[in-house]
Amino acid sequence: MAFELPDLPYAHDALAAHGMSAETLEYHHDLHHKAYVDNGNKLIAGTEWDGKSLEEIIVGTYDKGAVAQNGIFNNISQLWNHNQFWEMMGPNNGAMPSELEKAIVESFGSVEKFKDDFAAAGAGQFGSGWAWLVKDTDGGLKVTKTENGVNPLCFGQTALLGCDVWEHSYYIDFRNKRPAYLSNFLDNLVNWENVASRL
């Protein structure tokens, strides 16, 4: 069964007051995300991966020794990454739930230190990629960064929060100011309830 582009969990203009414009979401969700869906479906059709879950395909096609990943991985991983990304943001970004705050403080010392580490990871990712807050295999939280479409599933980790640092995610709203985009993401866009639900 072919994968489908999920609807955004909010209107295209719902994040505009928080720093992500309707134009960005129209390009990012309706065009970029849709291309990963369409290309991924074409690439897996008739292969051993046809009918498998996104997670199975990602783990099964990731080549840890490769400099560049294969087309199936790239498209299916980016499809999954974006499915998570839209859910990790929202227009009603309330306070961080206490259980998440406690876990972050235990791992990083403070929420501010976590935000600093996360923003530094995203800003320091050369070229395209993602910054992540993950629950590692030992149960602790850590900040990571990955190139292109690589994600925490490849390393047996649980993705709690991810921020897309490909230029198409921020160029319309922030031009080349990736650090400003990351700060705005952490302060104004994250749906902390969703992040906490992934613990």
Side-chain angles (χ1 to χ4, degrees), residues 3-20 24-25 28-29 32-33 36-37 52-59 62 76-122 125 129-146 149-166 169-170 181-199:
F3 296 114
E4 296 182 354
L5 178 70
D7 291 333
L8 286 170
Y10 31 73
H12 284 79
D13 62 356
L15 305 180
H18 303 274
M20 188 172 284
T24 288
L25 286 172
H28 198 170
H29 173 269
H32 287 280
H33 193 178
Y36 298 131
V37 175
K52 303 283 191 189
S53 70
L54 292 175
E55 292 80 5
E56 287 173 315
I57 298 170
I58 289 165
V59 172
Y62 176 65
I76 296 299
S77 184
Q78 280 287 74
L79 196 173
W80 184 90
N81 290 350
H82 285 81
N83 287 355
Q84 313 310 311
F85 187 52
W86 310 130
E87 299 286 345
M88 291 166 171
M89 295 186 291
N92 304 313
N93 56 327
M96 186 181 289
S98 58
E99 70 271 22
L100 176 61
E101 184 173 359
K102 181 171 179 283
I104 285 175
V105 170
E106 282 176 2
S107 293
F108 298 95
S110 70
V111 172
E112 284 312 308
K113 179 66 166 61
F114 149 67
K115 287 185 175 183
D116 288 346
D117 289 357
F118 188 94
Q125 171 57 40
W130 293 75
W132 302 96
L133 170 66
V134 302
K135 183 160 70 172
D136 210 348
T137 51
D138 63 3
L141 305 191
K142 65 190 273 191
V143 164
T144 66
K145 60 183 179 180
T146 57
V150 176
N151 68 44
L153 294 176
C154 302
F155 313 106
Q157 300 163 330
T158 301
L160 304 181
L161 178 64
C163 185
D164 188 345
V165 296
W166 288 58
S169 188
Y170 59 87
Y181 158 74
L182 285 155
S183 294
N184 183 72
F185 174 79
L186 290 165
D187 292 340
N188 300 310
L189 287 167
V190 176
N191 177 348
W192 295 111
E193 294 279 350
N194 180 273
V195 177
S197 75
R198 298 166 181 267
L199 276 172

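Residue indices begin at 1 and follow the sequence shown. Computed from heavy atoms alone, side chains included, the values below leave out hydrogens, waters and symmetry copies.
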Q) Should the pair F118 and F185 be assigned to parallel (<30°), tilted (30 to 60°) or perpendicular (>60°) ring geometry? A) parallel
Q: Find out whether V190 and M89 are in side-chain contact, i.e. whether some heavy atom of one side chain is under 4.5 Å from a heavy atom of the other.
A: no
Q | Sidechain-backbone polar pair: H18 side chain, P91 backbone, donor-acceptor under 3.5 Å | A | yes
Side chains of residues 131-139: which donor-acceptor pairs under 3.5 Å do they make with residues two or more places apart or in other chains?
| unit_1 | atom_1 | unit_2 | atom_2 | d |
| --- | --- | --- | --- | --- |
| W132 | NE1 | T146 | OG1 | 2.9 |
| D136 | OD1 | Q157 | NE2 | 3.3 |
| D136 | OD2 | K142 | NZ | 3.4 |
| D138 | OD1 | G140 | N | 2.9 |

Q. If we only count heavy atoms from C-beta on, is the Y181 to D164 side-chain gap below 4.5 Å?
A. yes
Q: Could you tell me the separation between the CG atom of L186 and the CH2 atom of W192, rounded to the nearest 0.5 Å?
A: 5.5 Å
Q) If we only count heavy atoms from C-beta on, is the Q78 to W166 side-chain gap below 4.5 Å? A) yes
Q | Interatomic distance, I76 atom CD1 to F3 atom CZ [nearest 0.5 angstrom] | A | 5.0 Å
(Q) Contact between F108 and D116 at the side-chain level, heavy atoms closer than 4.5 Å - yes or no? (A) no
Q: Taking atom types as modelled, find out whether W130 and Q125 have a side-chain donor-acceptor pair closer than 3.5 angstrom.
A: no
Q | Approximate separation, where rounding is to 0.5 Å, of L182 CG and D187 CG | A | 10.5 Å
Q: Mind telling me whether H82 and H28 have parallel, tilted or perpendicular rings, with 30° and 60° as the class edges?
A: perpendicular
Q: Using a 4.5 Å cut-off on heavy atoms from C-beta on, say whether the side chain of V59 contacts that of E55.
A: no
Donor-acceptor contacts under 3.5 Å from residues 5-16 side chains, at least two apart:
| unit_1 | atom_1 | unit_2 | atom_2 | d |
| --- | --- | --- | --- | --- |
| Y10 | OH | W86 | O | 2.8 |
| H12 | NE2 | D30 | OD1 | 3.0 |
| H12 | NE2 | D30 | OD2 | 3.0 |

Q.
Just verifying a value: how many Å separate E112 CD and I104 CD1, rounded to the nearest 0.5 Å?
A. 10.5 Å
Q | Value rounded to 0.5 Å, distance of CD in E87 from CG in N83 | A | 8.0 Å
Q: Taking the side chain as every heavy atom from C-beta outward, state whether L100 and E193 have any atom pair closer than 4.5 Å.
A: no
Q.
Quick check for you: to the nearest 0.5 Å, what is the distance between N81 atom CG and C163 atom SG?
A. 11.5 Å
(Q) Applying side-chain hydrogen bond (donor to acceptor under 3.5 Å, both in side chains) as the test, list every pair that has at least one member in residues 94-105; sequence neighbours left out. (A) K102-E106
Q. Are the side chains of V150 and S77 in touch, meaning some heavy atoms are under 4.5 Å apart?
A. no
